[in-house]
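Predicted model, so just to flag it, every value in this text is computed and none were measured.
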Amino acid sequence: MNSAGVFAFIALLIVTQWSYAVVPLLLAATLLAGLVFALRDADWQGLDREDGLFCLTLVAYGGLWLLDVWRSGHWPVGEGNQGILLPLWPLLAAVMLVWLRLFPPDPVVLWQGVGCGALGAGSIALYERVVLGHERASNGMNAIPFGNLALLLGALSLLAALWSSGTGKGRHPWWLLFALSAAMAGLLGSLLSGTRGGWIAMPFLMLLGHRAAAGLMPSNVRHCILGGVVVMLMVVLLIPQTGVSGRIGLAVDNVQQYWQDESRGTSVGLRLEMWRAGYALFLERPLTGWGEGHLEAARDALVEQGARHPGIRQHDQLHSDLIDTAARRGLVGLSVLLLLYLVPLWLSGGDSPRQALTPI
């Protein structure tokens, strides 16, 4: 059941509406049943110090968020009330991490879910852009998380190909073709979403995958795969109908207009305005920040004073996790957020490429 749940969560993450919430809740129901029927058979010795450190980080992040909600008296709901349970998700993630470590799913199922999710994202992006003629692929959600998650699934699909080479499993040609096709589809989904922030990360992810393949794949195969990805990216970039070159040119124009004081209400201009507002508000309350709900009020006060563009009031987040957290929860919140980023990186830093590619 854990294998099925992990596969469904990854494969349907951005393919089906609300699956990001429904599948974890179903897994939580499985956990509750397991507490009665299976927990006595669990191998608790399978847990180690790294699991404890990761769980402590998740609990610290969720606990601080809930403490902030308590002190401010404001519960965040997000756009369209889709994030109404968001402060509780880190705590659920910690519990589910322990559960999945006690009853680990099959790693093959995990990688299959990654590939199916990436293929789904790329197919949806192509359909929306080519058939429906949408300006940006989004699958009914915000184009930013759609594009970034598609990129993540695509990059993980590249690692799926490396995993099969490193473990000896899935050496059949169909597996390599499946993983590489999924990687291409994920990258394509990111490009067609018009999410420029993900495009900045794309070259670094490609270099990371190329480096991780050292010792696992012949150098000529690595170079061919990297070359194929680069060619695909260039083709997508050069075809005007994809909208990629237009989005890049628009970003350059927005930056020029902003610094020349011609317009601050453009897409990029509003982001720069939000970042400057967040930085100014952080300097006013650097230790604990303004708190949930109060940050938005303080931001709107800056707008009323004429210090920032009024367009930033339509957003409930400052379009940067680091800046938003620093302004909302100060250095305390920023420190915990950095732990959430850095602890997994540190835990994986001592592994060899072959070990690091074996999940769970």
Side-chain angles (χ1 to χ4, degrees), residues 14 79 118 121-122 124-126 128-130 132-155 183-208 229-282 299 302-303 307-327 341:
I14 55 176
E79 182 179 347
I124 290 171
L126 273 175
E128 291 189 347
R129 290 287 287 113
V130 176
L132 300 182
H134 290 178
E135 183 179 356
R136 299 175 66 182
S138 64
N139 196 26
M141 64 179 72
N142 189 295
I144 295 176
F146 176 83
N148 287 336
L149 288 172
L151 175 61
L152 175 63
L153 292 172
M184 296 289 190
L187 297 179
L188 186 63
S190 172
L191 291 169
L192 297 182
S193 73
T195 306
R196 292 170 297 208
W199 301 349
I200 298 174
M202 197 174 292
F204 298 100
L205 290 173
M206 291 170 55
L207 290 174
L208 179 65
V229 173
V230 171
V231 169
M232 187 205 76
L233 296 179
M234 293 302 297
V235 169
V236 173
L237 176 63
L238 294 175
I239 297 177
Q241 288 77 7
T242 62
V244 175
S245 57
R247 290 280 294 171
I248 295 175
L250 181 61
V252 174
D253 290 340
N254 288 172
V255 172
Q256 291 176 345
Q257 292 173 18
Y258 185 85
W259 293 117
Q260 294 172 4
D261 286 329
E262 295 178 2
S263 175
R264 298 199 169 186
T266 62
S267 175
V268 176
L270 289 178
R271 282 166 172 75
L272 294 172
E273 287 285 273
M274 284 186 279
W275 296 347
R276 292 179 67 182
Y279 178 68
L281 293 174
F282 166 72
R299 175 205 61 197
L302 288 178
V303 172
R308 300 273 76 87
H309 192 279
I312 68 175
R313 287 189 290 195
Q314 62 183 310
H315 300 280
D316 56 8
Q317 209 256 10
L318 297 180
H319 275 268
S320 167
D321 282 346
L322 295 174
I323 295 175
D324 185 88
T325 301
Y341 290 159

Test item: L205 and L187 side chains (from C-beta on) under 4.5 Å apart, heavy atoms: no
Q317: side chain to side chain donor-acceptor pair (under 3.5 Å) partners, not counting sequence neighbours: D321
Exam field: side chain W275 to backbone I323, donor-acceptor pair closer than 3.5 Å: no
Derivation and outcome, side-chain contact (heavy atoms from CB on, under 4.5 Å), residues E135 and E128: CA-CA 8 Å; E135 183 179 356; E128 291 189 347; over 6 Å; no
Close side-chain approach of M202 to L191, heavy-atom, < 4.5 Å: yes
Partners passing salt bridge (Lys or Arg N to Asp or Glu O under 4.0 Å) against R308 (at least two apart in sequence or in another chain): E273
Polar side-chain atom of T195 near backbone of A143 as donor-acceptor pair, under 3.5 Å: yes
Residues which pass ring pair (Phe, Tyr, Trp, His ring centres under 6.0 Å) with H319, listed by chain and number, not counting sequence neighbours: H315
Taking every non-hydrogen atom, the tightest pair across A118 and A185: O-CB, 3.5 Å
Sidechain-backbone polar pair: Q260 side chain, Q257 backbone, donor-acceptor under 3.5 Å: no
Side chain to side chain donor-acceptor pair (under 3.5 Å) involving D253 - partner list, sequence neighbours excluded: none
From CG (N142) to CG (N148), nearest 0.5 Å: 9.5 Å
Atom OH of Y341: over 12 foreign heavy atoms under 6.0 Å: yes
Taking every non-hydrogen atom, the tightest pair across S190 and A150: N-CB, 3.9 Å
Over all atoms of both residues, closest heavy-atom pair of A125 and G189: CB-CA, 3.7 Å
P203: partners by side chain to side chain contact (heavy atoms under 4.5 Å, CB included), with sequence neighbours left out: none
More than 12 heavy atoms of other groups within 6.0 Å of I200 CD1: no
Nearest heavy atoms of R196 and S267, plus distance in Å: NH2-OG, 3.2 Å
Residues forming a side chain to side chain donor-acceptor pair (under 3.5 Å) with S320, sequence neighbours excluded: none
Donor-acceptor contact below 3.5 Å, side chain T325 vs main chain L322: no
Point-to-point distance, once rounded to the nearest 0.5 Å, from CD1 of I124 to OG of S193: 12.5 Å
A326 versus F282, closest heavy-atom pair with distance: O-CD1, 3.2 Å
Check: L272 and N254 side chains under 4.5 Å, non-hydrogen atoms: no
Under 3.5 Å donor-acceptor, N139 side chain and I14 backbone: yes
Heavy-atom pair of closest approach, residues L270 and I312: O-CG2, 3.8 Å
Close side-chain approach of I144 to R136, heavy-atom, < 4.5 Å: yes
Close side-chain approach of V303 and H309, heavy atoms under 4.5 Å: no
Check against side-chain contact (heavy atoms from CB on, under 4.5 Å), L302 and L281: CA-CA 9 Å; L302 288 178; L281 293 174; 3.9 Å; yes
